[in-house]
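To keep things clear, I will list the structure first and then write my remarks on it.
Residue numbers start at 1 and run along the sequence shown. Just so you know, these numbers use all the heavy atoms, side chains as well, and skip hydrogens, waters and symmetry mates. For ligands, and for the atoms within them, numbers begin at 1 and follow the listed sequence.
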Amino acid sequence: MIVTNIHDLIGNTPIISFTNNEFEEIPLGSTVYAKLEFLNPGGSVKDRLGQHLIASGIEKGLINSDTTIIEPTAGNTGIGVALAALKYKLKTIFVVPEKFSQEKQDLMTALGAQIVHSPTEEGIKGAIAKAKELDNQIENSYLPLQFENDDNPDTYYKAMGPEITKDLNVEIDSFVAGVGSGGTFSGLGKYLQEKIPDIRLIGVEPVGSILNGGQSHGHEIEGIGVEFIPKFFQSLDIAGYETVSDQEGFDMTRKLASTYGLLVGSSSGAAMVAALREASKLPQGSKILTIFPDGGEKYLSKDIYKREEY
Ligand code: PMP
């Protein structure tokens, strides 16, 4: 395959299937499918978002050739937006809570972005507040704000849904996916629910996130977990949430790497834990779809594959 630019390689990611041969938790005849989003050029599910946020901002007249894009991000959205911004030669500034992985910040910088830190203890809310402040100060800036912007779920509705229909020529019984901004879960969830009205939508969160009524606190699994219920969930029929501990998530992340060569991040490990729980609840022959949002290389400094205790 020959392409003229990297942007054309975003999307059309493959799906890997697992059965009882790989995981004994999967009943005989059932299948867990995982879409491998780390195979996007920027290494995550958020390349699609970056592309769609900027294209849509231009289409709506909110972005011109001198606009500075500002966004609060834990990292992958920044990488995706920075990548997309290069296509249009736009400046980017990302507000990142300090604790987040250094590799992600280095990658955003490599893609030409400027990083501004917000205090770790203020979480993503602190990053949003700081980004809004910068947006007010900087002339001709655009704050896509993935947490509030319907372009976020739209990305996955439009750019990922049809890929699933094309590749998975099966009725999916359950869609299980991590919730950070909630864009992937709600966008793809809406698409799938329209096609398969009785599909079960199961959100995945780490311990320390509030979806199952838990207390909000820090966690080691990166990219998922919320301090407030995403606004995109309002029109969705959600069957429930699976809460995964850091220990379970990282044990699975190590297993996926060391047994199956899947060098994924910890939110993929958590998604797999939840997908296996769901598979074990459903009758034999069920089909469960999950997403592996990013790769593990970005977390090597955190000993993602080495640390055994969390
Ligand atoms: N996993 C990782 C590694 C992520 O960076 C994100 C985005 N924060 C997610 C999962 C969750 O995706 P979403 O924001 O679409 O809920």
- Task: Mark up the atoms of ligand 1 that fall under 4.0 Å of a heavy atom belonging to Y299, in ascending order.
- Result: 3 (C)

- Does E24 CD have over 12 foreign heavy atoms under 6.0 Å away? no

- With under 30° as parallel and over 60° as perpendicular, where do the rings of Y157 and Y191 fit, or are they tilted in between? perpendicular

- Note on the structure: Quick note on ligand 1: atoms under 4.0 Å from a heavy atom of G182 include exactly 13 (P), 14 (O), 16 (O)

- Query: Can you tell me the protein heavy atom closest to atom 7 (C) of ligand 1 and the distance?
  - Reply: K46 CE, 3.1 Å

- Query: Are more than 12 heavy atoms from other residues, nucleotides or ligands located less than 6.0 Å from atom CD of E59?
  - Reply: no

- Item | Top protein contact for atom 5 (O) of ligand 1, by heavy-atom distance | N76 ND2, 2.9 Å

- Message: Tell me every residue that passes salt bridge (Lys or Arg N to Asp or Glu O under 4.0 Å) with K166, counting only those two or more places apart in sequence or in another chain.
- Response: none

- Query: Between R48 and E37, does at least one N-O distance fall below 4.0 Å, as a salt bridge requires?
  - Reply: yes

- Task: Name the closest protein heavy atom to atom 6 (C) of ligand 1, giving the residue it belongs to and the distance to 0.1 Å.
- Result: G223 O, 3.2 Å

- Note on the structure: atom 13 (P) of ligand 1: closest protein heavy atom, distance to 0.1 Å, is S181 OG, 3.4 Å

- Query: Side chain, backbone, both or neither: which part of V179 has a heavy atom under 4.0 Å from ligand 1?
  - Reply: backbone

- So is G265 close enough to ligand 1, meaning a heavy atom under 4.0 angstrom away? no

- Query: Nearest to atom 15 (O) of ligand 1, what protein heavy atom do you find, and at what distance?
  - Reply: T184 OG1, 2.5 Å

- Task: Pull out every atom of ligand 1 sitting under 4.0 Å from any heavy atom of E222, numbered as shown with elements.
- Result: 3 (C)

- Can you tell which part of F38 has a heavy atom less than 4.0 Å from ligand 1: side chain, backbone, both or neither? neither

- Nearest protein heavy atom to atom 1 (N) of ligand 1, by residue and atom, and its distance? S267 OG, 2.7 Å

- Query: Mind checking whether F292 has a heavy atom under 4.0 Å from ligand 1?
  - Reply: no

- Query: Heavy atoms, side chains only, cut-off 4.5 Å: are V226 and I210 in contact?
  - Reply: yes

- Task: Taking only heavy atoms of P293 into account, list the atoms of ligand 1 that are under 4.0 Å away from them.
- Result: 1 (N), 2 (C), 10 (C)

- Kindly give the heavy-atom pair with the smallest separation between V204 and A270, and that separation in Å. CG1-O, 3.8 Å

- Message: For atom 10 (C) of ligand 1, which of the options I224, V264, V226 provides the nearest non-hydrogen atom?
- Response: I224

- Message: Is it true that, when you exclude L300 itself, more than 12 heavy atoms of the residues, nucleotides or ligands shown sit nearer than 6.0 Å to its CG?
- Response: yes

- Exactly one candidate in E220, K104, E222 meets side chain to side chain donor-acceptor pair (under 3.5 Å) with Y299; the answer is K104

